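What follows is a single structure, written as structure tokens, with notes after it.
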Amino acid sequence: MKSSVTVATLTILLAALPSVGLAQRTAVAPDARSTLNNAARAMGAEDLKTIQYSGSGSSFTFGQSVNPNAPWPRFSLSTYTREIDFDAPASRVQSVRTGVDRRGGGGIGLPVVNQSRDQFIRPDAPWAQQVDIWITPHGFIKAAMANNPTAESQTIGGAVYRVVSFTVQDKYRVNGYINEQNRVEKVETWVEYAALGDLLIDVRYADYRDFNGLWFPTRIVQNQGGFPVLDLTVTRAEANVA
């Protein structure tokens with residue numbers, strides 16, 4: 001009798017193991033909306049309508065390298081200010097750059113000294129331009145919330161990330177890597193270019209700082225086609241600027 005009870009008990013326990021394992025896997029799978037809500041609270045993105053940030057660094061002229069295996073030509077940015085209206089959506093970048101414009105080819109270039117630039121992304125711009133708004137840390141959170149996000153966990157270099165993904169226009173996939181501090185650390189997507197096909201764009205965000213309740217990265221490195229197009233040190237950021 002004792003042996004029968006033991007066997008019966010063991011059988012019940014073994015039968016229960018798969019359901020326990022499933023429950024554990026389900027418990028650790030991240031929920032996309034909860035992940036985004038936590039990130040929005042941690043980064044000050046909940047009531048964010050507009051943002052303005054500024055700094056200095058380097059910009060690179062995409063697609064203008066004289067050698068296809070070399071980085072894009074580099075310019076120094078003495079000033080860089082960007083304003084984004086997420087509701088429009090629209091963006092404006094004002095910058096002053098210095099360097100050598102090599103678009104003439106053959107390694108020959110013209111010096112550029114303190115050249116002012118004023119660049120716009122308008123509300124009716126195509127996705128290839130508007131993507132630059134939605135791959136910003138706070139822009140990613142807003143776009144993901146509006147586009148049926150999914151989420152999964154990934155461990156990269158020993159760090160655990162909740163990777164939130166969404167798709168725009170049924171073909172443009174955007175992935176955002178949110179770290180354990182609920183901050184967007186990386187965003188990547190692919191954009192079509194006529195001569196180059198689908199091109200990877202990825203942006204890394206580091207060294208977040210509290211700007212009066214708005215948590216914003218003080219280091220931004222954006223790559224396009226395998227080479228940097230922007231390397232920025234942010235010194236000021238402000239939320240809901242008129």
Side-chain angles (χ1 to χ4, degrees), residues 33 35-59 77-97 116-147 149 162 164 166 168 172 174-179 181-189 191 201-224 228-242:
R33 295 207 173 272
T35 297
L36 291 168
N37 286 332
N38 291 338
R41 283 193 295 270
M43 294 170 54
E46 288 181 296
D47 300 313
L48 190 65
K49 303 296 183 183
T50 67
I51 192 170
Q52 183 187 84
Y53 59 93
S54 58
S56 60
S58 301
S59 68
L77 293 174
S78 57
T79 64
Y80 177 102
T81 298
R82 185 175 190 186
E83 301 163 299
I84 300 175
D85 182 337
F86 294 110
D87 289 343
S91 170
R92 182 185 187 184
V93 173
Q94 295 173 287
S95 63
V96 176
R97 69 176 188 169
S116 297
R117 307 185 81 202
D118 207 350
Q119 300 165 297
F120 293 87
I121 299 175
R122 302 184 184 280
D124 58 352
W127 171 253
Q129 295 177 33
Q130 283 212 352
V131 67
D132 212 38
I133 294 174
W134 305 119
I135 57 176
T136 61
H138 301 78
F140 171 80
I141 293 173
K142 288 179 172 292
M145 286 180 168
N147 286 281
R162 286 148 294 168
V164 177
F166 64 91
V168 177
Y172 299 114
V174 186
N175 303 320
Y177 294 72
I178 299 175
N179 62 26
Q181 288 73 46
N182 292 312
R183 292 170 191 154
V184 177
E185 194 170 304
K186 174 185 171 182
V187 180
E188 63 183 11
T189 189
V191 173
I201 300 174
D202 70 88
V203 200
R204 312 296 175 102
Y205 301 105
D207 303 328
Y208 273 79
R209 179 180 148 196
D210 183 1
F211 293 92
N212 295 319
L214 173 70
W215 281 88
F216 199 79
T218 58
R219 181 76 191 283
I220 300 174
V221 179
Q222 181 171 336
N223 298 290
Q224 199 163 333
V229 292
L230 180 67
D231 188 336
L232 188 67
T233 297
V234 176
T235 54
R236 188 180 70 85
E238 189 174 352
N240 296 325
V241 179

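Numbers for residues simply follow the sequence, beginning at 1. Since the model is a prediction, treat every value here as computed from it, not as a measurement.
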Original post:
Going by atom types alone, do R122 and Q129 pair a side-chain donor with an acceptor below 3.5 Å?
Top reply: no
Subject >> Nearest non-hydrogen partners of M43 and R183, listed with the distance >> reply: SD-CA, 3.8 Å
**OP:** Count the heavy atoms belonging to other residues, nucleotides or ligands that lie under 6.0 Å from CG of N212, then report whether that count exceeds 12.
**Re:** no
**OP:** First locate atom CG of N38, then atom CD1 of I178, and finally report the distance between them rounded to the nearest 0.5 Å.
**Re:** 9.0 Å
Original post:
How close do T81 and S54 get, heavy atom to heavy atom, and via which atoms?
Top reply: OG1-CB, 3.4 Å
Original post:
Hey, what do you get for CG (L48) to CG (D87), rounding to the nearest 0.5 Å?
Top reply: 9.0 Å
Original post:
Which residue, R92, E83, R82, forms the side-chain hydrogen bond (donor to acceptor under 3.5 Å, both in side chains) with Q52?
Top reply: E83
**OP:** Quick one: pull up CD1 in I201 and CD1 in I135 and give me the separation to the nearest 0.5 Å.
**Re:** 5.5 Å
**OP:** Quick one: closest heavy-atom pair of L214 and A239, and the distance?
**Re:** CD2-N, 3.9 Å
**OP:** Kindly indicate, with the supporting measurements, whether the criterion ring pair (Phe, Tyr, Trp, His ring centres under 6.0 Å) is fulfilled by F166 and F140.
**Re:** CA-CA 10 Å; F166 64 91; F140 171 80; 5.7 Å; yes
Subject >> T35 OG1 to M145 CE distance, which is reported to the nearest 0.5 Å >> reply: 10.0 Å
Original post:
Are any side-chain N or O atoms of T218 and backbone N or O atoms of D207, one a donor and one an acceptor, separated by less than 3.5 Å?
Top reply: yes
Subject >> Heavy-atom closest contact (S56 atom, L77 atom, distance) >> reply: CB-O, 3.3 Å
Original post:
A143 and N147: which non-hydrogen atoms are nearest, and at how many Å?
Top reply: O-ND2, 2.7 Å
Original post:
Within the distance-only criterion (no hydrogens, no angle test), does the side chain of T50 pair as donor or acceptor with the backbone N or O of V241 below 3.5 angstrom?
Top reply: yes
Subject >> Derivation and outcome, side chain to side chain contact (heavy atoms under 4.5 Å, CB included), residues W127 and V168 >> reply: CA-CA 9 Å; W127 171 253; V168 177; 3.9 Å; yes
Original post:
Under 3.5 Å, is there a donor-acceptor pair between the side chain of N175 and the main chain of E188?
Top reply: no
Original post:
Is there a side chain to side chain contact (heavy atoms under 4.5 Å, CB included) between W134 and V187 once you walk through the steps?
Top reply: CA-CA 9 Å; W134 305 119; V187 180; over 6 Å; no
Subject >> Nearest heavy atoms of P137 and V184, plus distance in Å >> reply: O-CG2, 3.8 Å
**OP:** Quick one: pull up OH in Y205 and NZ in K186 and give me the separation to the nearest 0.5 Å.
**Re:** 12.0 Å
Subject >> Heavy-atom donor-acceptor pair, Q130 side chain to P123 backbone, under 3.5 Å >> reply: yes
Subject >> Gap separating the CZ atom of R162 from the CD atom of E185, nearest 0.5 angstrom >> reply: 11.0 Å
**OP:** For residues T79 and Q94, determine if any side-chain heavy atom of one lies less than 4.5 Å from a side-chain heavy atom of the other.
**Re:** no
Original post:
Step by step, would you call V234 with Y80 a side chain to side chain contact (heavy atoms under 4.5 Å, CB included)?
Top reply: CA-CA 9 Å; V234 176; Y80 177 102; over 6 Å; no
**OP:** Quick one: sort the F216 and H138 rings into parallel, tilted or perpendicular, breaks at 30° and 60°.
**Re:** parallel
Subject >> Side chains of V191 and Q224 in contact at under 4.5 Å (non-hydrogen atoms) >> reply: no
Subject >> Within 6.0 Å of CG in D47, more than 12 heavy atoms from elsewhere >> reply: no
Subject >> Side-chain touch P149/L36, heavy atoms, less than 4.5 angstrom >> reply: yes
Original post:
Do D202 and R204 meet the salt-bridge criterion of a basic N to acidic O distance under 4.0 Å?
Top reply: yes
